[in-house]
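Because the structure is a prediction, the values reported are computed rather than measured.
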Protein chains: 2
Amino acid sequence: MSTVSASGSGPQSSLEPLDTAIVRELAKDGRCSFTDLAERVGLSVSAVHQRVRRLEQRGVITRYSAHLDAESVGLPLTAFISLTPIDPAAPDDYPQRLKGIHEIESCYSVAGEESYILLVRVASPAALEDLLRRIREAAKVSTRTTVVLSTPYEGRAPAL
Amino acid sequence: MSTVSASGSGPQSSLEPLDTAIVRELAKDGRCSFTDLAERVGLSVSAVHQRVRRLEQRGVITRYSAHLDAESVGLPLTAFISLTPIDPAAPDDYPQRLKGIHEIESCYSVAGEESYILLVRVASPAALEDLLRRIREAAKVSTRTTVVLSTPYEGRAPAL
DNA sequence: GATGAAACACCCAGGAG
DNA sequence: CTCCTGGGTGTTTCATC
């Protein structure tokens, strides 16, 4: 069966069913033990362990993290900031220029009127104002800010 | 000093320095052992263990997850979908109506022209088309879609 | 918050299908 | 090549101080 696949060249768009199951469980519960994981996917502990390490090495699993309640950690204000370059001839190294600004949680290059969308978290409106100033200064962009009023859900695990 | 705080009523906006350190480490490495964690924050293993459990119970840590490479798991197309209600008199239960659509990773209620911003992941343009149809049908909204071309970074840990 | 001890999980071998 | 078996090592978790 299946002499195909498994030659490690380039990102394949599909995963083995067993790997899919593993990845789905770890996306839902990133801290579950290998013992639990083995039971859930119906494999031995070491087989699961082996597969998880392979998934990490292949870059399928990029990292693990705790999800924090933004309010509890003192960052109650979330916003999307859309970026439009001021000088259209400038080199497109905005992510690099903004990388050091730690309030930026995510940076997406997008198709549309604007070039980038940033997801940011700050402590207060004043902190947002200061952040916008630093972003404009660092990247020479104009910004459009959309304040998040509430977050019904966020970072849900994909279906797979 | 600080005889303040610690009475468990409502979300306090600030955390003890030790809890902040714990939470910062777990945000960066959600799967690190309690032993490692204890060393990094300069506490005994059981003290750390106790604090982590408290942080989980208080809802400061909401969950743990593995971050997946979207392409590797067969969801190479990411997009933002902005929602505008068609009937302004309809009850605002959009998150509820959309909750069952698993392609929606995050749902934000926002201030601005549109009411909600969704972050979605799908396998293909055809899947996106189908998803948009299902969103419009389920929530009675008009949609505006911004396709993500690339993701320089995503889900970075906050500075704290 | 620290210590110590028992239960448990991890993870390296090596071997079987 | 992938999966399972074993066992030493390290981790979790609970009682106690």
Student: Testing A:L83, A:L98, A:T84, A:I81 one by one against A:Y116 for a side chain to side chain contact (heavy atoms under 4.5 Å, CB included), which residue passes?
Tutor: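 With A:Y116 as partner, A:L83, A:L98, A:T84, A:I81 yield a single side chain to side chain contact (heavy atoms under 4.5 Å, CB included), made by A:L83.
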Student: List for me each residue that meets ring pair (Phe, Tyr, Trp, His ring centres under 6.0 Å) alongside A:H49, sequence neighbours excluded, and say none if there are none.
Tutor: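 Partners of A:H49 by the ring pair (Phe, Tyr, Trp, His ring centres under 6.0 Å) criterion, ordered by chain and then number, come out as A:F34.
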Student: Can you list every side-chain hydrogen bond (donor to acceptor under 3.5 Å, both in side chains) pair that touches residues 118-129 of chain B, not counting sequence neighbours?
Tutor: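 Qualifying pairs, neighbours excluded: B:T78-B:R121, B:E105-B:R121, B:R121-B:E154.
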Student: Decide yes or no on side-chain contact (heavy atoms from CB on, under 4.5 Å) for B:R51 and B:V41, but give the supporting numbers first.
Tutor: CA-CA 12 Å; B:R51 277 173 181 269; B:V41 304; over 6 Å; no
Student: Would you grab the first and last nucleotide of DNA chain C (5' to 3') that comes under 4.0 Å of any non-hydrogen atom in chain A?
Tutor: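 Nucleotide range with atoms under 4.0 Å of chain A: C:dA9 to C:dC12.
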Student: Apart from A:I86 itself, which Ile, Leu, Val, Met, Phe, Trp or Tyr residues share its cluster (side-chain heavy atoms under 4.5 Å, direct or through members)?
Tutor: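 A:I86 clusters with nothing; isolated.
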Student: For A:T143 and A:R136, test the side chains for any donor-to-acceptor distance below 3.5 angstrom and give the result as yes or no.
Tutor: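 Short answer, yes.
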Student: Taking atom CZ of B:R134 as the centre, report whether more than 12 heavy atoms of other residues, nucleotides or ligands fall under 6.0 Å from it.
Tutor: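 Enclosed: over 12 neighbouring heavy atoms sit under 6.0 Å from CZ of B:R134.
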Student: Please report the shortest heavy-atom distance between B:A157 and B:K28, naming the atom on each side.
Tutor: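 The pair with the smallest heavy-atom distance is CB-CG, 4.0 Å.
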Student: Quick one, which residues of residues 16-35 of chain B touch DNA chain C with a heavy atom under 4.0 Å?
Tutor: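 Within this stretch, nothing sits under 4.0 Å of the strand.
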Student: List in numerical order all residues of residues 49-57 of chain B for which some heavy atom is under 4.0 Å away from an atom belonging to DNA chain D.
Tutor: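 The stretch gives B:H49 as the residues lying under 4.0 Å from the strand, ordered by number.
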Student: Salt bridge check, B:R144 against B:E113: does any charged N sit closer than 4.0 Å to a carboxylate O?
Tutor: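 No, no charged N to carboxylate O under 4.0 Å.
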Student: Does B:V45 reach a base, just sugar-phosphate, or nothing at all? Heavy atoms under 4.0 Å.
Tutor: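 The residue B:V45 makes base contact.
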Student: Both A:S44 and B:D36 contact DNA chain D. Which one's nearest nucleotide lies toward the 5' end?
Tutor: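 The answer here is A:S44.
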Student: The test is salt bridge (charged side-chain N to carboxylate O under 4.0 Å, His left out); show your working for A:D69 and B:R58 and say whether it passes.
Tutor: CA-CA 10 Å; A:D69 178 64; B:R58 280 169 43 193; over 6 Å; no
